[in-house]
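Working notes, structure below.
Predicted model only: the values in this text are computed from it and were never measured.
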Amino acid sequence: ADTIKVGVLHSLSGTMAISESTLKDTVLMMIEEQNKKGGVMGKKLEPVVVDPASNWPLFAEKTRELITQENVDVIFGCWTSVSRKSVLPVVEELNGLLFYPVQYEGEESSKNVFYTGAAPNQQAIPAVDYLINDLEVERFVLAGTDYVYPRTTNKILEAYLKSKGVSEKDIMINYTPFGHSDWQSIVSEIKAFGSQGKKTAVVSTVNGDANVPFYKELGNQGVSAEDIPVVAFSVGEEELSGIDTGPLVGHLAAWNYFQSVYNDTNNAFIDQWHAYTGDDKRVTNDPMEATYIGFNMWVKAVEKAQSTDTDKVADAMIGIKTPNLTGGTAVMNKNHHLSKPVLIGEIQDDGQFAVVWETEGLVQGDAWSDFLPGSKDLISDWTAPTRCGNYNTKTNTCGGASAE
Amino acid sequence: MLQLNKVNQYYGQSHTLWDIDLDLKKGECLCVMGRNGVGKTTLLKTIMGLLPVKSGSIEFNGTDFTTLAAEERARAGIGYVPQGREIFPLLSVEENLETGLQARPDRSKKIPERIYELFPVLHEMRHRRGGDLSGGQQQQLAIGRALALDPTLLILDEPTEGIQPNIVDMIGRVIKTLNQQEGLTVLLVEQKLHFARATADRFAIIDRGSKVAEGDMGELDETLIKRYLTV
Amino acid sequence: MRDSTFKSAFSDRAAKTFMGVLFGATLLVTILNQLFPADSALHVSAYTVTLLGKYLCYALLALALDLVWGYCGILSLGHGAFFALGGYAMGMYLMRQIGDRGVYGNPDLPDFMVFLNWSELPWYWQGFDQFWFAALMILLVPGLLAFVFGWLAFRSRVTGVYLSIITQALTYALMLAFFRNELGFGGNNGLTDFKDLLGFSLQSDSTRVGLLMATAVALAGAFVLCRWITGSKLGRVVLAVRDAESRARFVGYRTEHYKLWIFTLSAILAGIAGALYVPQVGIINPGEFSPLNSIELVVWVAVGGRATLYGAVIGAILVNYGKTVFTGIMPEAWLFALGGLFVAVTVFLPHGLVGLVSENWEKIKARLNRNNKPSGSARPAEGDLS
Amino acid sequence: MNALDNLRETFRRDQVFDFMRQGTRPVLPGQLDSGTSKNILYMEDITVSFDGFKAINDLTLYIKTGELRCIIGPNGAGKSTMMDVITGKTRPDSGTCFFGQTLDLTRMSETDIATAGIGRKFQKPTVFPEHTAFENLELAMHSPKGPWHSLFTRLSGEQTNWIEETLYTVGLLGERNKVAGLLSHGQKQWLEIGMVLMQKPQLLLVDEPIAGMTRQEVERTGELLKSLAGKHSVVVVEHDMEFIRSIASTVTVLHQGSVLAEGTMEQVQNDPKVIEVYLGE
Amino acid sequence: MGRKFSRILIALLIALQVSVSWAEEPLQEQTTPTQPITENSEGATGIPTPTLQNILDRLTSRSFDEKEAAIRELANQDNPRVIALLNALMNRELVHNRKDNSIVLGSKKDGQWELRDPETTQLIGQVDSRAARPVIINNRLRTVINNQLALAALNDPDSDVRYRAANQLIGNDDPEMLTALASRRAQEADPRVAVQIDTALNIAALRSDDLSTRLSAIDTLAGNLHPDVKNAFNERLRVTQHPTEKKALEKAIARIEARIERFQTADTVFFGLSLGSVLLLAAIGLAITFGVMGVINMAHGELIMLGAYTTYVVQQLLPTSHEWSLLIAIPAAFLVSAFVGILIERFVIRFLYGRPLETLLATFGVSLILQQAVRVIFSPLNRTVITPEWMSGALEINPVFSLTYNRLYIIFFALAVFLALLTLLKKTRLGLQVRAVSQNRATARSLGIRSERVNALTFGLGSGIAGVAGVALAQLTNVGPNLGQSYIIDSFMVVVFGGVGNLWGTLTAAFSLGIANKLLEPMAGAVLAKIVVLVFIILFIQRKPRGLFPQRGRAAEE
Ligand SMILES: Nc1ncnc2c1ncn2[C@@H]1O[C@H](COP(=O)(O)OP(=O)(O)OP(=O)(O)O)[C@@H](O)[C@H]1O
Ligand SMILES: Nc1ncnc2c1ncn2[C@@H]1O[C@H](COP(=O)(O)OP(=O)(O)OP(=O)(O)O)[C@@H](O)[C@H]1O
Ligand SMILES: CC(C)C[C@H](N)C(=O)O
Ligand SMILES: [Mg+2]
Ligand SMILES: [Mg+2]
C-alpha cells in the first residue's frame, strides 16, 4: 500500500462522545500535520474513523473491522477502561497496535498496547502527597463514581494514606452512580466531615457528567477551596468548559498537562488546535497531550523500524523520547507506560488551571501498583529476555496469558 | 337539506356502500332501516365524515361536504349520536355534556337546561364518570350531548338501545317534538319497528350496502319488512 | 388479524424458507471461511463470522421479545436484563475457564477480584467452572427471575405501561447493581479476556464458526418452537389475552398463567441469546442492562414487524447491519439515519417491513384476481379515518 | 357472631345437611354441586356501593335450576352490576352469593367462576377482535383451559362440527373467517351469544341480547333462549317488553338495587309501582 | 382544586417550618469575655521600608512561601493602595508582565492585557494575552489575603461587610486579629456583627489561662453551632485537666451535637423536597403528553434538553445581563420546545393516534435525531450556563443549616408550573377538549372538536413545559446532549408511580420519591438508595397496579 492507515476508534455518539470526539479531532489534526511534513517513511497517512458509539462490545467489533477489513497499522482510541478491556483481546489476537491516551487504574500491560495516559502513581499519589505536604491535609474524602477506576484508585490511595499514618476514621469513602446529579446530601456530608477541626480535602474520582452538578452543589453550599479543597483526576479543561467556574476557584486537579503551561511547544500546539477547529475558545487537555505524545512516538518508532509491522514498531517504541507539551521530554518505558511530569493545578475563574505544584523530575508510569497486595510483586518488561507484561519478581515467572 | 349522490364507501377492499342516494328535506324525519351488518352505521359515519367516501358526493344546506372534516360538519350543525354510546368514559357526565358545547356557534358555556329536564338522571349523576354509568344512562348521555350542540340536523344510530321503556317513549316524543315544533331535521337508524313508525315520517331501507326501498312511513308494509328486515 | 391473513398467504412455506435461508447462509459462511485460504477472494473473514453470529444472537433476542410483545401484548422494556443475565452466566463460566492464566496467575480468583483484594470466591461463583452448571444457570437465572417477577406482576394484574415501566425499573435496578464493584461481577468493566469455551480457544476461527452454527441452531430451534406455540391453540389464547384479557378470563382462561408461561419462556430464550452472544463479542458488562438497549430492542421488532416472528428476526438483523454499515461510512451522521429509519418505519410502515411485503402480497393477489374477474373496478382505499 | 347469626348460618337457604343426603355423591372441589335442591344460584343480602352510591342494595334473589328468568328494571337499577357480582367482576361489600351448594362466588376469581359453569354475554358486546368468528367460538369452547392442554390440543372433527353448528345457530356461518372486530354491532352480539353457548354453562347470564337486532332475529333469539332453558338456567336482562313477554315465565323487577316486584309478566306489567318507575303509561 | 393544592403547599411549608423551628432554640445572649486577650506586640523596626513595587515584584517568585511573605509585608504597608492591590491579587488582576519581569495591574480587553501601574493606576500599555499572566496564588495564600481583607473590612461602614469579615475571622488565633476584633467589638452597634465577634473572641478565650474566663466562654458558647466552636471545645477537652471544665465542655458538646442532629433531619427533608421538585419538573410535561394524550414520548428528555440549551443561547445573546437573562429564557425555552413539540406532533405523532405503543418507537427515533442535532450544532461538549447572583449561595439559617437558593427557587418554580398547568387543564376549553380527544378521537371530532389542533396544542404545551423544566435543570446539571437521557427514565417512573393521567399523582409521586431517596441515601449510599427506590416502585406497582392515584371505575377496568 502506498498509504499508512491509522485507525481512530473514539465514540462520536452516545454518552462518551462528549469526551472522546475531541480526541478524534486531535488524531486527525496530527495526521494532517504529519502529512504536511511529508508523511511517514515517505508515505501519506490515511485516517480511518469509525464510531463505536459508546457501546463496549462494538469497540471490539470495530477493532476487528479496523484491523482485518481496513488493514490499519495502528489504532488510536478508547477512553473508558471498559472499552479498552473489550478491545484488548482483539488487538492481542490480531497482533494490532493500540495507543490508549487516558489516565486509568493501571493493573494492565499488554504487548500490543501503549498507555500514554497516567497510571495511578502518576496522578493520584503525587496529588495526595501535595495535599499532605503543602496543604497539611489530615482528613480525606475519597469520592468516586462506583466503578473500577475509582475503586482501584481509592484502594491504592487508602493503602498509601495508611502507610503515611492517616487513620481509618480520617478517611471517608463515598461512591455514587454514573451520571449522578443530585449531590445535596453528599456535599452536606462532606461539609460535616470537613468541619471537625482537621484540615480536610476531597480526592475526587467522580467521572464525566456527574462532575458538573457536583461542583455546582459545592459552590452553592458554600464549600470553598480554602475550607475543603477538592482534587480531581478526571476534571480537565474540557470538563470545566461546561461549568461556571466562578465559585470553584482554588479547587485542584492533578494531571500531566495543563493548557496554561507556558512554553513554545504548547503555545504552538494550542494555536494549531485553534486553527484546526476554527474556534479559538476550544481548550486543550491532558488526554490530548497523551494522544500527541503517543502519535509522535509512533511516528518516530515507525521511522526507526522502517516498517509498520507491529512487532517491529512495538520493539522500536521502547526508549523512544519525544518532547511533551509541558516543556520536558516523555519517555516510553519497558512497561509500555510513559515517564511524565505530574502537575497540580488550581481552577481559575476563566476555566483554566494555574499550576501550583510540579514534581521535580519525571515520574515513571507504574503498570502494577505497589500498594495493592495482588500486584506488589509484579513488573512489566517488554524487552528481551523478559518480554512479559506481568512478571512476578518473587517467583520469577511470567504469569497468565502473556506467557504463551 | 342533506343530499347524498351515488355515495360509495369501502373498508379496505370490501365495498360496503353502493351508490347510495339520499335526499333529506328540512324538517323531515327519516328512518334508515335494514338488517344487521348491511351498512347503516357505515352510512351515518360517512355522512358524519368519519369515513372517507370513495366516490359520489354529500351536500349539506347546499354546500359540498364530501371532503370536509368531521369536526367542521359538526360545527355546521350536525349532531350525532353514535351507535354503542361512545361517551367519554373518564370525563364526568357534566364534562361529557360540555364537549357538546364546543362546536356551538354562540360559544355558550352553559349546558342547556332542557337536557337535564329531558334526562333527569344526568343531572343527578352529573359528577359521576361517564364510564361508570349504566348502559342506558350512557345512551341518554349520548343523546343529551348531541343536543347540547344545538344541531339543525340530528343523526341518531339506534338511540333507544338499552333504554327502559318509558324513557324510550319519552325519547320518541322528544324527537317528535323537536322535529315538528322546532323544525329539527332528523336522520334515524332504528330496528324497533313500532318506535320507527311512531317517530319517523319517511323510511329508507338498506340491504347489503344499497338502498332498496324508500317512502313515507305509511308505505312500509309487511312485504317490504319480510323481504328486507327479516332474515 | 394480520397474522391469519399472513398465514394464509404464506402458510408454513415461509417457515421453511426462513430456515432454508438461515441455514443456507450460515453454511455458506462456514464453508467460505473454513475452506478458502485467507487471501482468497471468496474467503469470509472471522470478522464477518462473528458479526453474523452477533446478529443472530440479536435476532434470537428479538424473537423472544416478539413472543411476549407481539403475541401476548406484554411490552417488556426490560428484556435486555434477561439477555444480560444469560450473558453473565456464560461470562462467569468463561471467566472460570481462564484459571491461572489470568494476569495475576491466581487459579481461584478472576483478575478483578485479585486487585480489589477479594480473598475468596463468593458463593454465587461456585459451580461455574462446570459447563453443565453454567448451562443450567443460563436457563435458570433469567427464567426464575422472569417467573418470580411475572408471577407477582400478572397475579396483581399489572398491565400496559405500568408493566412496561416496572420491567424498565427492573433492568435499571439490575444495571445499577451490576455496576457496583461490590457485587462481584467486575463492575463496569464487566467480564472480559475470555480464553476458551469447552476447551476450544475462542480466538480460533473454527470456534467462531462453531459458535455461529450453534447460534443458528438455537435461533432455528427457537423459531420452530415459537412457531409451534403461536400456531397452537395456546397461541390463539395468548392473542386473545392480548386483545381482550378480561373477556378471556370470563371464558375461563387463567390468563395470568398464560402470560407467565410465555414471559418465562421468552426470558429463557433471551438468556440463551445472551449466553451465545458473550463468547462471540468477548465481553459482558452492565451496559447490557441499560434501559436504552431494551428500548432499542423493541424498535428492532417494530421495524421488522411485530407478531410475525420473521419480522423480529429480520428487523434485528437489518437494523444491526445498518448500524454496522453506517457507523463505518458516516460516523457523524448515522444517528440521523437510524432515528430517521425508526420514525419512517413507524409512520409509513405500521406493520413493519414484513408488513410491507405481506401487504404488497395482498395487492399482487388482488391484481391477479382482478385479471381473472374483470368486473372488480376499484382499488382498495388506504386507511379508514382521514 | 352471636348465637342467632350462628343459627341463621346453620339453617341458611334451603340447605340440605350432609347427613340428610341419600348416599354420598362425591363432589370435586371447585365443581358445581347443585345437589338435590331446586335452586342453582343464591344471592342473599348483596350490597354493592361505589363511592357511597349503592348500586345494589340488600338484594336477595334465587334462580332455580333450569329456569328462564327475566330481569327488568330502569336504567341504573343495578342489573348489570348484579351480573358483575355473579361473575366475579365486582366484589360485593356484603352479602353472599352461592352457586350451587358449595361454591361461594364472592371468593372465586372470574376464571374459576367461568370454569364452574357460568357464562355471560355482556351488555356491550365483547369479543376477541383480532380472531375470526370461528376462532372466537373455538376459544370459548368447553374444554380444559390450561396452558399445557392448549399447547397440545388439536380440534377434533367433532369439535369443528360443533363450532360450525353454533355458527349456524347464530347466523354467522357466512362470516366464519371474518375478523370479529370488523363485524357490525349486531353481528358481534350474536357472536357473543355463540361464545356463551360454546361454554356449555350451567347458568347463562345474558345482558340485553337483542339490542340492535331486527324483529325476526329477536324472535330467533327468543326461541334459542327458550330452548336452552330446562337444561340450563338462563337469566336474561332486557328492556324490550315484547321480547320479555314472548319468553318469560318469571320476571323480576329491580329498582334502585333491590327487588321491586317479582312474578309473571302479567302481574308485573300491572304492578303500579313498575308502571311508574319503568313501563310508563 | 385550588384548595387541595394550597393544602399540600401549606403542609410542605409546615413540614419545613416545624423541622426548622423545632431544631431552633433561642440563642443565648452572648457576652464579651471579661478580659482582653493579648497585647499588640507589633513594634516599629529599624529596617528601611521597601517600596510598594519592590514588594510586589517579589510576587514573581515561584515559591509560595516567598509570595506569602510578600503578601504579609504588603498588608502591613501603610499605603492607601494596599487593599486595592490585595483585591487585585485575589481577582487575578495583578499580572506578571513577562517582558520586563514586573508585577503590574492588568485587565483583559479583547483578548489582550491592558497593563496599568499598580500605584498610580496609569496605563502602561497593551500586550498580547500570552505575554502576561496573572500572579498565581494558591489556597493558602488566598486564606492569608482573605484574612487581611477581612481585617480591613472590620471597620467598613456597611454592616453586611463587617458581618462577613467577622465570620471569616472566627477561629483565627492571630493576636493581631484578635486585638482588632476586640477593639471593633467595643464600638460595634449592629448586634449581628457583635454576636459574630463575640464568638470569635470567646473561642480565643477558651485558650485563656484563666479558668473562670474559660468557663464563662464555654457557657456562652454552649449551643453555638459554628463548627469552630465545637472543634475548639473538642480541642480543649483533649488538653484540659479540670474536672469542672471537662464536665462543662462535655455538656456543651452534647448540646451542640443534639442540635446539629435535629437540623440534619431538616436538611434531609429539604433535600428530599428539592429532589422531588426536580423530578416534578422533569415529569410534569410528560404527565401531559403521556398521561393525558397517551403518547409514550421518549423524546421528552430531549425537549428538556432543548430548554436547557435555550437558556444557554439566551445567555450568549445577552452577555451583559446574566442576572435576568434567566427570566427571558423561561418563555423562550417554552416557545422553542413547544415549537419543536408541535413539529413532532404534526409530522410524526399525528399518524400514530390509536397506536400508542408505536409512538414510543417513533419518538425514540426523534430523540436520537435531536440528540445528534444538538451534537452537530453545539458540539458534544457541555455548555456553561452561568448561575445568576440571586440564585447562587444559600439562605443561611445557621452554620449547620442553610437552604441553597437555587434549590429553593426551583421548588417554588416547580410548584408554580404545576399550578399553572392544573388551572389550564381544569379551567380552559383546551383541557376538556384534549381529554375528550384522547379518550375517543372519532367521537370528539364528530362533536366538532378540532382534534388536530387540540392535539398539536396539547403536545406543544407538554413539550413547552419540558422546555421550562430544562431552564431549571440547566441551573443544576450539565447542559449537554445527554441531559435528556438522564431524566427520561425517572420521569416515566414518576408519572407511572403517581398514576397515569393524574396530575396530583405526579406531584405526590415526585415528592415522595424525592424524599424517600434522600432518606435512604445517608443510610445506604447513593447507589443502593436508588436501587432500593426502584425495587420499591416495582413492589408498589404490584400492590397498586395503577399507581398511587389510579383511574377508577368501570372504564378503567377494561
Ligand atoms: N372497520 C371496518 N372494517 C371492515 N369492515 C367493517 C368495518 N366496520 C364494519 N364493517 C363491516 O361492514 C358491514 C356494515 O357494517 P355496519 O356497522 O355499517 O352495519 P349496520 O348496518 O350498522 O349493522 P348493525 O345493525 O348490526 O349495527 C358489516 O358487514 C361489517 O362487518
Ligand atoms: N364503577 C362504578 N362507579 C360508580 N358508579 C357505578 C359503577 N358501576 C355502576 N355504577 C352505578 O351503579 C348503577 C347501576 O348500574 P348498572 O350498570 O348495574 O345498571 P343496569 O341496571 O344494568 O342499567 P341499564 O339497564 O341501563 O344497563 C348505575 O347508576 C351506575 O351509575
Ligand atoms: C477516569 C476515566 C475518565 C477514564 C478511566 N480510564 C476509566 O476507567 O474509564
Ligand atoms: Mg350499526
Ligand atoms: Mg346494564
Next on the checklist: Within the structure provided, determine whether Met48(B) and Arg445(E) are in side-chain contact (heavy-atom separation under 4.5 Å).
Outcome noted: no
Item to check | Residue part contacting chain B, namely of Ser438(E), when any heavy atom lies under 4.5 Å | outcome: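 Neither part, no heavy atoms under 4.5 Å.
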Calculate, to the nearest 0.5 Å, the distance between atoms [atom1] and [atom2] belonging to [X] and [Y] respectively.
{"X": "Glu98(B)", "Y": "Arg429(E)", "atom1": "CD", "atom2": "CZ", "value": "9.5 Å"}
{"X": "Arg104(B)", "Y": "Leu447(E)", "atom1": "CZ", "atom2": "CG", "value": "13.0 Å"}
{"X": "Arg85(B)", "Y": "Thr443(E)", "atom1": "CZ", "atom2": "OG1", "value": "13.0 Å"}

Name the region of [X], side chain, backbone, both or neither, that has any atom closer than 4.5 Å to a heavy atom of chain E.
{"X": "Lys45(B)", "value": "neither"}
{"X": "Ile155(B)", "value": "neither"}
{"X": "Leu149(B)", "value": "side chain"}

Item to check | Closest approach of Ala74(B) to Gly448(E) (non-hydrogen atoms, all atoms of both residues) | outcome: CB-N, 3.2 Å
Item to check | Any donor-acceptor pair under 3.5 Å from Gln439(E) side chain to Leu90(B) backbone | outcome: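 Checking the backbone N and O of Leu90(B) against the side chain of Gln439(E), a donor-acceptor pair under 3.5 Å is found.
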Item to check | Over 12 foreign heavy atoms within 6.0 Å of OH, Tyr116(B) | outcome: yes
Next on the checklist: Test side chain to side chain contact (heavy atoms under 4.5 Å, CB included) on Thr99(B) and Gln433(E); report intermediate values, then the result.
Outcome noted: CA-CA 7 Å; Thr99(B) 57; Gln433(E) 295 188 347; over 6 Å; no
Next on the checklist: Less than 4.0 angstrom from a charged side-chain N to a carboxylate O is my criterion; do Arg450(E) and Glu71(B) meet it?
Outcome noted: no
Checklist entry - Which members of residues 489-502 of chain E, sorted by number, sit under 4.5 angstrom from chain B on a heavy-atom basis? => result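 Residues of residues 489-502 of chain E touching chain B at under 4.5 Å: none.
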